[in-house]
Amino acid sequence: MIRRLLLLLPFLVFVGLAFFLYRGLSLDPSARESALWGQEFPSFTLSTLEEPGAEVDESLLRGRMSLVNVWASWCPTCKEEMPQLLALSERGVQMVGINYKDARDLGRQFLEEFGKPFEVNIFDPAGDLGFELGVYGVPETFLVDANGIVRYKHVGYITPAQVDEVMAEVEKWH
Amino acid sequence: MALTLKSRCCVVIVLLLASFQSMADTAIDARHFEDPVMAERYRDLTASLRCPKCDAQAIDSSNSPVAADMRERVALMLHEGRADKEILDFMANRFGEFVLYNPRLDGRTWLLWALPAALVVGGGLVVIAFVQARRHRRVRPLSEEERARLSSLIHRHRERSE
């Protein structure tokens, strides 16, 4: 009897492997969990895109939930993402931009041309804040709750179809 | 001194190769460390960190901007005297577990680490069981009846082959 069961062993191994491989087929290989999930937004001291003399830090993100979008004028998908960001800001989400590895005049020009969904833009020309956030592909969007905790991260551009998805996250963590 | 065609070709090839080499050097910034141990640690660390942007490449061979930033930070932290583990944790805390080519042992990765060991142990047990079974196998002498049947079979076989 035991010998009979042993003969089944290769079949069981096959079933196990097939299950994991089949599951792997539907996984998105570019999906990454964010290391910052549930962590505090990293501290920083930077100027804003609007005012070179201004100084802002992480307290900017306290007291209200905000959607922090990392963008740059050299990033083509950021242009395509702007209408969605404008839609989100119209739906009452506080939007904060991080102008990543960019020049001030180019960044401002970009906003003049493609719209201004952001209440304020953190100017990060060296990409230091981006590094702390683990940014590896612009645009990236972080949902930061009123206590400054990162609750959600979206890598890549938010498609028109994904606006509702992002909105649902905003309501979830409100 | 006139060069033969063959040696001219050689010179051209050598120059071409040299230019490729210098191109490779400029693509991936060569870093120089005074301390050979630190240079070795830099090589190991940049080879064991995966570039978050480019799925199957370590940061030591990637041209993506984020890989360059990470290399720069590794070098900086080495000069600051940080330990290897500190540097790897620093990167994983920002870019996620994904960047570690040697994942840390935790609730989700224990199977990854335990399975090879479990398979080796399991295989060893199977081998031991086989050997034991074989060692304890006893040879039972044939009974009279069996012996008679065997000799008649052999006899018949011989007759047929003749």
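Naming convention: chains lettered A, B, ... in sequence-line order (proteins, then strands); numbering from 1 in each chain.
- No side-chain heavy atom of N93(B) sits under 4.5 Å from any side-chain heavy atom of E132(A).
- A cation-pi arrangement is found for R73(B) relative to F131(A), the charged atom lying closer than 6.0 Å to the ring centre and inside a 45° cone about the ring normal.
- For F98(B) and Y136(A), the ring centers sit 6.0 Å or farther from each other.
- In this structure, R91(A) places its CZ atom where more than 12 heavy-atom neighbours from other residues, nucleotides or ligands lie under 6.0 Å away.
- The number of heavy atoms from other shown groups lying within 6.0 Å of CD (Q132(B)) is above 12.
- E159(B) CD: more than 12 foreign heavy atoms inside a 6.0 Å radius.
- Taking hydrophobic clusters as Ile, Leu, Val, Met, Phe, Trp and Tyr residues chained together by side-chain heavy-atom distances below 4.5 Å, M65(A) shares a cluster with F118(A).
- I98(A) and V144(A) fall within a single hydrophobic cluster, where Ile, Leu, Val, Met, Phe, Trp and Tyr side chains are chained together by heavy-atom contacts under 4.5 Å.
- Of the two parts of V135(A), only the backbone, made up of N, CA, C and O, holds a non-hydrogen atom closer than 4.5 Å to a non-hydrogen atom of chain B.
- In this structure, chain A has no heavy atom under 4.5 Å from any part of A67(B).
- With a 4.5 angstrom heavy-atom cutoff, M91(B) touches chain A only via side-chain atoms.
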